[in-house]
Amino acid sequence: MIIVGLTGGIASGKSTVSRIIREHGIPLIDLDEIARTVVRKNSPTLKRLVIEFGPTILEADGTLNRAALGRLAFRKKESTRALNRITHSAIRRVMAWRLLCLWLTGCKRVVVDTPLLIEAGLYKWCAEVVIVWCDDKQQLKRMLLRDQAKGLTMDDAKARLNAQMPLAKKIPFADVVIDNSIDAAESSPPRLRAEVARVISRWRRESRRPMFVLLWLLCWLVPPVGLLWGLFVTWLRARKQAKRT
């Protein structure tokens, strides 16, 4: 099974690209979606967050107040690292289970969508890395347009942006860069749809090639071969990245 890593920055348009990929019928695991699941009310992960950041991150009904958590978690790097440390292990367990289920069903290709693909080192396990790009001014504009009604201030938006790895530094990790430099008010522009469709068309052509089908069958039917292939892909990724940097 080919794992494609999809990433970007906050408000870069990655969610729009994910939606387009799903519309084309490509299996996709959204780690943001999983992140919301693992911090549901009374979950072990949410309890650990309350211990770390205090009860002010909770709503009156005991659910997570994301804006309050964001203000505390993104104000300094130590707090951001604490947030990631608490949530990442829970997210990875769910992701691993979903990948296993897809592999058992004979899935040929799956997209893993996460903003922290590079920072968390998950890119090392991907056969292909796709990055959705726009400049930081557009990111700020989109964040405010999307979340200002929820109480997001300019200072909050800048803190969240500064807490993430700049998109410019992610580009060297990419096999494909999707340029989403569009107006913030345009939620799904034809140009972006066409660009994503071209990538998906290439994936489908590759999946029909005899050598691809043979290798997929071998990895699926003989798990040790699949494990060896996964290790080989990881080695190739590390070698390619070393050349780029």
side-chain contact (heavy atoms from CB on, under 4.5 Å) against [X], all qualifying residues, sequence neighbours excluded:
X: Arg81; answer: Lys77, Glu78
X: Ser89; answer: Arg48, Arg93
X: Leu236; answer: Phe232
X: Lys47; answer: none

Sorted by first residue and then second, give each side-chain hydrogen bond (donor to acceptor under 3.5 Å, both in side chains) pair with at least one member in residues 228-239; sequence neighbours left out. Asp175-Arg237
A side-chain contact here means heavy atoms from C-beta on lying under 4.5 Å apart; do [X] and [Y] qualify?
X: Leu167; Y: Asp136; answer: no
X: Trp103; Y: Pro223; answer: yes
X: Met95; Y: Leu99; answer: yes
X: Lys76; Y: Thr80; answer: no
X: Val4; Y: Val110; answer: no
X: Pro115; Y: Ile10; answer: no
X: Lys169; Y: Glu119; answer: no
X: Ile178; Y: Lys14; answer: no

Is [X] reaching over with its side chain to a backbone N or O of [Y], donor-acceptor style, under 3.5 angstrom?
X: Arg142; Y: Ser12; result: yes
X: Thr7; Y: Ile131; result: no
X: Gln138; Y: Asp135; result: yes
X: Ser201; Y: Ala197; result: yes

If I compare all heavy atoms of Ala11 with all of Cys134, which pair ends up nearest, and what's the gap? O-SG, 4.2 Å
Indicate the atoms forming the closest heavy-atom contact of Cys107 with Pro27, along with that distance. SG-CG, 3.7 Å
Determine, stepwise, if the pair Val94 / Val38 fulfils side chain to side chain contact (heavy atoms under 4.5 Å, CB included). CA-CA 9 Å; Val94 178; Val38 300; 4.2 Å; yes
Do Leu140 and Leu161 pass the side chain to side chain contact (heavy atoms under 4.5 Å, CB included) test, and can you show the C-alpha distance, the side-chain angles, and the key distance before you say yes or no? CA-CA 8 Å; Leu140 281 172; Leu161 189 61; 3.9 Å; yes
ring-ring contact (aromatic ring centres under 6.0 Å, His included) partners of residues 67-98, not counting sequence neighbours, each pair once: none
For the pair Asp113 and Leu31, evaluate side chain to side chain contact (heavy atoms under 4.5 Å, CB included) and give the outcome as yes or no after the intermediate values. CA-CA 6 Å; Asp113 171 4; Leu31 297 202; over 6 Å; no
Kindly list each side-chain donor-acceptor pair under 3.5 angstrom involving residues 53-64, sequence neighbours excluded, with atom names and distances?
| residue | atom | partner | partner atom | Å |
| --- | --- | --- | --- | --- |
| Asp61 | OD1 | Thr63 | N | 3.1 |
| Asp61 | OD1 | Thr63 | OG1 | 2.6 |

Among Val196, Leu192, Thr16, whose side-chain contact (heavy atoms from CB on, under 4.5 Å) with Asn180 holds? Leu192
Decide side chain to side chain contact (heavy atoms under 4.5 Å, CB included) for Lys108 and Phe212; before the verdict, give the C-alpha distance in whole Å, the side-chain angles of both, and the deciding distance to 0.1 Å. CA-CA 9 Å; Lys108 292 181 180 179; Phe212 180 98; 4.1 Å; yes
Please say yes or no: joined through hydrophobic side-chain contacts below 4.5 Å, possibly via intermediate residues, are [X] and [Y] part of one cluster?
X: Leu221; Y: Leu100; result: yes
X: Val199; Y: Leu117; result: yes
X: Leu6; Y: Trp125; result: no
X: Ile118; Y: Val233; result: no

Taking ring-ring contact (aromatic ring centres under 6.0 Å, His included) as the test, write out the residues that go with Trp216, two or more places apart. Trp220
Which hydrophobic side chains are connected to Leu228, either touching it within the sub-4.5 Å cutoff or through other members that do? none
So which residues get pulled into Ile51's cluster when ILVMFWY side chains under 4.5 Å apart are joined, directly or through others? none
Roughly how far, to the nearest 0.5 Å, is the CD atom of Glu33 from the CG atom of Leu28? 9.0 Å
For Gln164, what residues pass the side chain to side chain donor-acceptor pair (under 3.5 Å) criterion, not counting sequence neighbours? none
For Trp203, look at atom CH2 and say whether over 12 heavy atoms of other residues, nucleotides or ligands are found less than 6.0 Å away. yes
Does any pair with a residue in residues 194-221 pass salt bridge (Lys or Arg N to Asp or Glu O under 4.0 Å), and if so which ones, sequence neighbours excluded? Arg109-Glu206, Glu128-Arg202, Arg191-Glu195, Arg202-Glu206
